[in-house]
Amino acid sequence: MPMAAAVLPLPMSRPMSPSLSGPLSLPRKPLPAGLPREWYVAHNRRLKTMRLAIALLDSGVYEPSQAGNRRIRATAELIGVRPPSDITCRMVRALLGYGH
């Protein structure tokens with residue numbers, strides 16, 4: 001009877017950036033022109049929140065209580081994005097809490 005292989009998280013040897021497109025990435029579309037600046041700020045904040053939440057989930061952080069600002073900012077450094085603001089950290093915790 002063959003043994004099942006253990007699934008281990010892959011180590012991140014280099015920071016990931018949006019310019020690195022993997023085999024499953026979708027083609028990027030330009031953002032719509034002519035919207036207020038606040039729309040672009042909110043849009044980019046939501047994208048950063050998603051990236052951070054995914055990286056935290058991949059690292060084993062599943063509860064909002066496990067994701068303090070320090071851990072979220074350390075994850076941001078690990079994946080190669082700028083340190084998030086307090087608002088973005090709060091959004092990451094809220095997103096982690098949606099699964100419950």
Side-chain angles (χ1 to χ4, degrees):
M1 176 178 248
M3 291 184 69
V7 178
L8 300 174
L10 296 174
M12 294 209 162
S13 59
R14 62 183 170 169
M16 296 184 64
S17 69
S19 63
L20 298 175
S21 54
L24 301 177
S25 65
L26 298 173
R28 297 184 76 169
K29 299 182 206 172
L31 293 176
L35 295 173
R37 183 176 189 279
E38 295 80 28
W39 185 91
Y40 299 102
V41 171
H43 175 76
N44 288 329
R45 189 183 306 271
R46 287 189 301 267
L47 291 178
K48 185 182 223 178
T49 299
M50 286 293 296
R51 285 188 196 106
L52 288 168
I54 291 167
L56 285 166
L57 290 169
D58 286 345
S59 69
V61 176
Y62 303 110
E63 299 287 330
S65 60
Q66 297 174 308
N69 287 0
R70 291 173 85 184
R71 177 171 268 177
I72 293 171
R73 290 187 175 119
T75 302
E77 184 178 337
L78 183 68
I79 64 172
V81 299
R82 293 177 58 103
S85 66
D86 290 343
I87 295 170
T88 304
C89 290
R90 202 170 339 153
M91 289 173 67
V92 169
R93 283 188 290 276
L95 193 57
L96 290 174
Y98 282 135
H100 297 280

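Computed from a prediction, not measured in an experiment: that's the story for all the values here. Below, all heavy atoms of this structure are taken into account, side chains as well, without hydrogens, waters or symmetry copies.
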Original post:
Which ILVMFWY residues can you reach from Leu47 by hopping between side chains whose heavy atoms are under 4.5 Å apart?
Top reply: none
Original post:
For Pro30, which residues count as a side chain to side chain contact (heavy atoms under 4.5 Å, CB included) partner, sequence neighbours excluded?
Top reply: none
Original post:
Excluding sequence neighbours, so at least two apart, what forms side chain to side chain contact (heavy atoms under 4.5 Å, CB included) with Ala76?
Top reply: Leu52, Val81, Pro84
Original post:
Rounded to the nearest 0.5 Å, how far does CG of Leu31 lie from CG of Asn44?
Top reply: 6.5 Å
Original post:
For the residue pair Val61 and Arg71, what are the closest heavy atoms and their distance?
Top reply: CG2-NH1, 3.4 Å
**OP:** Could you give me the CA-CA distance, side-chain angles and deciding distance for Leu96 and Leu57, then say whether side chain to side chain contact (heavy atoms under 4.5 Å, CB included) is met?
**Re:** CA-CA 8 Å; Leu96 290 174; Leu57 290 169; 3.8 Å; yes
Original post:
Which heavy-atom pair separates Leu35 from Tyr40 by the least distance, and what is that distance?
Top reply: O-CE1, 3.1 Å
**OP:** State, to 0.1 Å, how close Ala55 and Thr75 come at their nearest heavy-atom pair, and which atoms those are.
**Re:** CB-CG2, 3.6 Å
**OP:** Go through Arg93 and Leu56 one step at a time and tell me if the side chain to side chain contact (heavy atoms under 4.5 Å, CB included) criterion holds.
**Re:** CA-CA 10 Å; Arg93 283 188 290 276; Leu56 285 166; over 6 Å; no
**OP:** Flag the pair Leu95 / Arg46 as yes when at least one side-chain heavy-atom distance between them is below 4.5 Å, and no otherwise.
**Re:** no
**OP:** Would you list the pairs meeting salt bridge (charged side-chain N to carboxylate O under 4.0 Å, His left out) in which at least one residue belongs to residues 79-91, sequence neighbours left out?
**Re:** Arg73-Asp86
Original post:
Does Thr88 have any side chain to side chain donor-acceptor pair (under 3.5 Å) partners at least two apart in sequence or in another chain, and if so, which?
Top reply: Arg45, Ser85
Original post:
Is it true that a side-chain atom of Glu77 and a backbone atom of Ala74 form a donor plus acceptor pair closer than 3.5 Å?
Top reply: no
Subject >> Cluster companions of Met91 among Ile, Leu, Val, Met, Phe, Trp, Tyr (side-chain spacing under 4.5 Å) >> reply: Ile87
